[in-house]
Amino acid sequence: MKRNVQNATRVTLERVQQSYAELLKSTTFSLHDLFSHEGLQLNAYCKTFHPHPQSDELKKIAQVFGEQYDIWLENAKYYITCALFLYPTAHFSRILSMTKNLAIGYYLNDTMGREIFGNLTPYQQQQAKNIIRRMSTIGENLELPMKVQPVELANAEMLTEIRKNSPKAWFSEFLKFYSYYIGITHKDCNAAALGHIPTVNEYIDMRYHTSGMPHIVLLIEYSDGQFLDWNWLKRVKLSQTMERLHWVTAIFGSLTNDLFSFEKEVIDEGSDSNLLMAIALNEPELTLQEIILKAAEIVRGVLIEYVALVEEVRQQCNELPQSKMLDTLYVHMAGLERCIQASWMWQVYTQRYKHAASIWAETQLASLAARSV
């Protein structure tokens with residue numbers, strides 16, 4: 001069975017890579033046009049967006065932190081800006097902790113992530129497994145065994161800061177999502193390693209967690225110290241809608257990233273852990289252009305649902321009496337909006353996905369979009 005999966009993924013990957021090389025000669029897609037719809041044009045929706053005003057200072061501190069624990073990679077200057085986009089209104093001390101969180105996440109991703117893991121030597125894979133096992137099972141007391149790697153010390157420091165500045169119930173939920181992300185993401189997530197070809201829906205469910213977006217969305221509350229009262233949300237019959245809105249916000253960031261990073265992950269690294277490859281493996285009769293359009297349709301559907309859910313919450317809020325919990329919810333809704341904006345703006349801005357030649361207008365090195373941010 002495993003050999004059959006390996007053969008199927010190899011054949012499909014080669015076909016996609018060959019089709020990509022041909023498509024690159026003649027076609028450029030605008031991810032903006034593919035994702036946007038009548039109810040939400042991304043560039044217009046993001047006009048009010050701005051990164052954190054203390055970005056330069058935070059970048060310097062983040063680099064010192066990374067170098068202290070030997071987790072600062074050469075391309076770190078490109079990915080560390082993600083936190084500065086995601087939480088532009090965060091208190092300085094809080095965004096510093098969140099910047100450390102993303103620095104750790106991207107270090108793990110770029111040294112033992114789902115598209116990297118299969119290319120490691122057996123010894124490196126075993127070392128990575130040991131690190132990830134310890135990091136993904138750390139308890140709320142945040143105690144570490146005697147012999148650990150520097151990245152584990154960095155992780156404990158970051159988590160200690162976050163625990164100190166958050167309610168116990170919120171931190172427990174955050175640590176649960178974060179630990180699961182660490183455990184599920186930093187291993188070989190290709191179909192052959194899974195032992196089967198996941199359906200597109202199964203892949204999307206997996207990608208929700210491998211992206212790290214669930215705990216990224218939770219950090220919206222942490223960023224300004226205003227935490228949702230879920231008991232109140234249940235009483236006013238908003239908890240299920242808000243849970244779905246959190247999922248939609250997270251999956252938008254997850255799946256847009258699969259298109260932005262398609263060339264990096266699938267073409268350069270040969271990984272099939274990507275939405276486009278999930279579609280290709282399940283529908284081998286489709287051309288690459290058809291696969292791209294189908295993937296974009298999925299993302300566009302997420303945006304359509306996001307708009308509908310936001311409107312639903314706003315309508316229900318208009319019928320509620322003024323309260324502190326309602327004020328907190330309004331602040332949180334603004335944070336979710338910034339998260340959607342940041343998911344788009346940062347991926348356009350960062351050099352992480354840029355290629356000298358790209359099928360995406362937004363990731364071409366000479367892209368007007370890149371120069372204008």
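The figures that follow rest on heavy atoms only: side chains count, while hydrogens, waters and symmetry mates do not.
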>> If the condition is salt bridge (Lys or Arg N to Asp or Glu O under 4.0 Å), which residues does E283 pass it with, not counting sequence neighbours?
In response: K294
> Side chains of Y203 and D258: do they bring a donor and an acceptor to under 3.5 Å?
Replying inline: yes
> Going through the checks in order, is the side-chain contact (heavy atoms from CB on, under 4.5 Å) test met by L238 and L320?
Replying inline: CA-CA 11 Å; L238 272 171; L320 296 174; 4.2 Å; yes
> For E312, does its backbone N or O pair with a side-chain atom of Q315 as donor and acceptor, under 3.5 Å?
Replying inline: no
> Are V11 and V266 connected in the hydrophobic side-chain network, where two residues link if heavy atoms are under 4.5 Å apart?
Replying inline: no
>> Is there a continuous path of hydrophobic side-chain contacts, each under 4.5 Å between heavy atoms, that joins I304 to L293?
In response: no
>> Whether R244 and E305 form a salt bridge (side-chain N of Lys/Arg under 4.0 Å from carboxylate O of Asp/Glu) is what I want to check.
In response: yes
>> Between H37 and G39 (side chain of the first, backbone of the second, donor and acceptor by atom type, cut-off under 3.5 Å), is there such a pair?
In response: yes
>> Among residues at least two apart in sequence or on other chains, which ones pass salt bridge (Lys or Arg N to Asp or Glu O under 4.0 Å) with E157?
In response: K100
>> I'd like to know whether Y306 forms a ring pair (Phe, Tyr, Trp, His ring centres under 6.0 Å) with F252, so could you lay out the CA-CA distance, the side-chain angles of the two residues, the decisive distance to 0.1 Å, and finally the verdict.
In response: CA-CA 9 Å; Y306 167 78; F252 174 76; 7.8 Å; no
>> Measuring only between side-chain heavy atoms, which start at C-beta, is L31 closer than 4.5 Å to L42?
In response: no
>> Y69 vs F65, test: ring pair (Phe, Tyr, Trp, His ring centres under 6.0 Å). Steps then yes/no.
In response: CA-CA 7 Å; Y69 290 105; F65 171 76; 5.3 Å; yes
>> Any heavy-atom pair between the side chains of V348 and F260 that's under 4.5 Å?
In response: yes
> Under 4.5 Å between any side-chain heavy atoms of L84 and K59, yes or no?
Replying inline: yes
>> Just so I know, are the side chains of N257 and R207 near enough to count as touching, which here means a heavy-atom distance under 4.5 Å?
In response: yes
> Can you find a heavy atom in the side chain of E263 that is under 4.5 Å from one in the side chain of Y20?
Replying inline: yes
> So H52 and F92, ring pair (Phe, Tyr, Trp, His ring centres under 6.0 Å) or not? Walk me through it.
Replying inline: CA-CA 9 Å; H52 199 282; F92 185 82; 7.1 Å; no
> With distance as the sole test, does H32 use its side chain to make a donor-acceptor pair with the main-chain N or O of N43 at under 3.5 Å?
Replying inline: yes
>> Quick one, R352 and D110 - any side-chain contact, counting heavy atoms below 4.5 Å?
In response: yes
> Any donor-acceptor pair under 3.5 Å linking the side chain of T350 with the backbone of Q347?
Replying inline: no
> Does any pair with a residue in residues 114-172 pass ring-ring contact (aromatic ring centres under 6.0 Å, His included), and if so which ones, sequence neighbours excluded?
Replying inline: W170-F174, W170-Y222, W170-F227
Validation: residues 328-335 side-chain donor-acceptor distances under 3.5 Å, sequence neighbours left out:
unit_1	atom_1	unit_2	atom_2	d
T328	OG1	K324	O	3.1
H332	NE2	H246	NE2	2.7

> Under the salt bridge (Lys or Arg N to Asp or Glu O under 4.0 Å) test, which residues partner E269, sequence neighbours left out?
Replying inline: none
> Going through the checks in order, is the side-chain contact (heavy atoms from CB on, under 4.5 Å) test met by H215 and Y180?
Replying inline: CA-CA 10 Å; H215 75 266; Y180 188 67; over 6 Å; no
>> Between N109 and I116, is there a side-chain heavy-atom distance shorter than 4.5 Å?
In response: no
> Which residues satisfy the salt bridge (Lys or Arg N to Asp or Glu O under 4.0 Å) test with E67, sequence neighbours excluded?
Replying inline: none
> Is there a donor-acceptor pair under 3.5 Å between the side chain of D229 and the backbone N or O of W232?
Replying inline: yes
>> Around atom CD of E297, are there more than 12 heavy atoms from other residues, nucleotides or ligands closer than 6.0 Å?
In response: no
